[in-house]
Amino acid sequence: MSEQKYQQIYQVIQLIPEGSVAFYGQVADLAGLPKHARLVSKALKVAPSELNLPWHRVVSSQGKIAIAKNTPLYHEQKQRLLVEGVAFKGERISPAHYWQPDLFALLTQLTH
DNA sequence: TTCGTGACGCAGT
DNA sequence: AACTGCGCCACGA
């Protein structure tokens with residue numbers, strides 16, 4: 001079932017460190033689902049709140065919040081990132097915050 | 001089954 | 001830097 005794919009996606013998102021952001025496509029790749037960036041956005045939309053996923057740490061490959069501006073959700077995401085110390089240069093997130101995971105360590109944490 | 005839809009990505013202007 | 005068009009692909013109506 002597609003539930004399995006979502007679980008893998010959620011697992012990766014849980015590993016994004018506070019103060020860092022990952023791209024949709026990056027999350028998809030790490031979850032073993034290349035070319036499924038859009039599935040990641042869908043997975044987040046239907047994610048059970050009880051999982052307490054750091055959903056705000058997932059942004060577009062342009063380093064920008066993917067949600068439409070002037071929506072409550074957009075502001076919530078930006079707020080959460082600012083609280084974590086993520087710096088913005090206008091709409092863009094400073095590249096210094098882009099997550100660069102250690103792939104070896106990652107393998108020991110994922111349960112595919 | 002076909003068709004439209006994205007909280008996407010990327011190359012080309 | 002900002003826009004645009006297209007490719008991609010799982011989902012659901």
Side-chain angles (χ1 to χ4, degrees):
Chain A
M1 158 109 69
S2 63
E3 261 306 299
Q4 176 59 47
K5 295 180 183 174
Y6 287 175
Q7 292 310 316
Q8 295 172 179
I9 290 170
Y10 296 150
Q11 275 190 70
V12 173
I13 293 176
Q14 286 285 16
L15 299 177
I16 306 171
E18 182 180 331
S20 293
V21 297
F23 309 135
Y24 287 86
Q26 177 181 22
V27 170
D29 288 345
L30 294 174
L33 301 166
K35 301 184 179 187
H36 287 241
R38 306 188 97 130
L39 188 61
V40 174
S41 68
K42 173 166 294 188
L44 282 181
K45 271 200 298 190
V46 304
S49 57
E50 333 49 288
L51 293 182
N52 285 102
L53 291 173
W55 59 272
H56 55 288
R57 298 181 188 144
V58 184
V59 301
S60 77
S61 65
Q62 308 310 300
K64 301 193 291 188
I65 288 176
I67 303 169
K69 277 195 291 185
N70 300 311
T71 64
L73 209 48
Y74 172 92
H75 294 297
E76 183 182 348
Q77 179 167 14
K78 183 163 186 176
Q79 166 100 330
R80 283 171 175 262
L81 289 174
L82 289 173
V83 168
E84 293 187 356
V86 173
F88 280 77
K89 290 193 283 278
E91 292 295 298
R92 304 263 335 288
I93 288 167
S94 306
H97 293 99
Y98 293 175
W99 185 33
Q100 300 188 317
D102 175 295
L103 299 183
F104 180 76
L106 205 66
L107 285 179
T108 72
Q109 301 182 68
L110 294 177
T111 316
H112 285 182

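In what follows, chains carry the letters A, B, and so on, assigned in the order in which the sequence lines appear, proteins first and then strands, with residues in each chain numbered from 1. These values consider heavy atoms only, across backbone and side chains, with no hydrogens, waters or symmetry-generated copies.
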Donor-acceptor pairs under 3.5 angstrom involving side-chain atoms of residues 34-46 of chain A: please list them, not counting sequence neighbours.
{"unit_1": "A:Ser41", "atom_1": "OG", "unit_2": "A:Arg38", "atom_2": "O", "d": "2.7"}

With a 3.5 Å cut-off and sequence neighbours excluded, list the donor-acceptor pairs that the side chains of residues 88-95 of chain A form with protein atoms.
{"unit_1": "A:Glu91", "atom_1": "OE1", "unit_2": "A:Tyr74", "atom_2": "OH", "d": "2.9"}
{"unit_1": "A:Arg92", "atom_1": "NE", "unit_2": "A:Gln62", "atom_2": "O", "d": "2.5"}
{"unit_1": "A:Arg92", "atom_1": "NH2", "unit_2": "A:Tyr98", "atom_2": "OH", "d": "2.9"}
{"unit_1": "A:Ser94", "atom_1": "OG", "unit_2": "A:Ala87", "atom_2": "O", "d": "3.2"}

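Remark: A:His36 is in phosphate contact with C:dA10, judged by side-chain N or O atoms under 4.0 Å from OP1 or OP2.
Between A:Arg38 atom CZ and C:dC6 atom C1' the separation is 11 Å, expressed in whole Å. Per the geometry, CG belonging to A:Asp29 stands 12 Å off P belonging to C:dC9, to the nearest Å. Rounded to a whole Å, the OH atom of A:Tyr24 is 19 Å from the P atom of C:dA10. Rounding to whole angstrom units, CH2 of residue A:Trp55 and C1' of B:dC8 are separated by 17 Å. Atom CG in A:Leu33 sits about 12 Å away from atom P in C:dC9, given to the nearest Å. Spacing between atom NZ of A:Lys35 and atom P of B:dC8 amounts to 18 Å, rounded to whole angstrom units.
Of the residues in residues 56-92 of chain A, not one comes within less than 4.0 Å of DNA chain C through any heavy atom. Scanning residues 43-51 of chain A for heavy-atom distances under 4.0 Å to DNA chain B yields A:Leu44, A:Lys45.
Note that CG of A:Leu103 and OG1 of A:Thr108 are 11.5 Å apart. Values are rounded to the nearest 0.5 Å. Annotation: the span from A:Leu53 atom CG to A:Gln14 atom CD amounts to 5.0 Å, rounded to 0.5 Å.
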Do A:Val58 and A:Phe23 pass the side-chain contact (heavy atoms from CB on, under 4.5 Å) test, and can you show the C-alpha distance, the side-chain angles, and the key distance before you say yes or no? CA-CA 6 Å; A:Val58 184; A:Phe23 309 135; over 6 Å; no
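When atom types are taken as modelled, the side chain of A:Glu18 and the backbone of A:Gly85 share no donor-acceptor pair closer than 3.5 angstrom.
Side-chain contact between A:Lys78 and A:His56 is absent, with no heavy-atom pair separated by less than 4.5 Å. When side chains are defined from C-beta on, A:Trp99 does not count as touching A:Val21, because their heavy atoms never get closer than 4.5 Å.
The one candidate from A:Gln79, A:His97, A:Arg57 that meets the side-chain hydrogen bond (donor to acceptor under 3.5 Å, both in side chains) condition with A:Glu84 is A:Arg57.
Side chains of A:Gln7 and A:Gln11: no donor on one and acceptor on the other come within 3.5 Å.
With sequence neighbours excluded, the residues satisfying side chain to side chain contact (heavy atoms under 4.5 Å, CB included) with A:Ala66 are A:Tyr24, A:Ser60.
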Polar atom pairs (N or O), protein with nucleotides 11-13 of chain C, under 3.5 Å:
{"unit_1": "C:dC11", "atom_1": "OP1", "unit_2": "A:Ser2", "atom_2": "OG", "d": "3.2"}
{"unit_1": "C:dC11", "atom_1": "O4'", "unit_2": "A:Lys42", "atom_2": "NZ", "d": "2.9"}

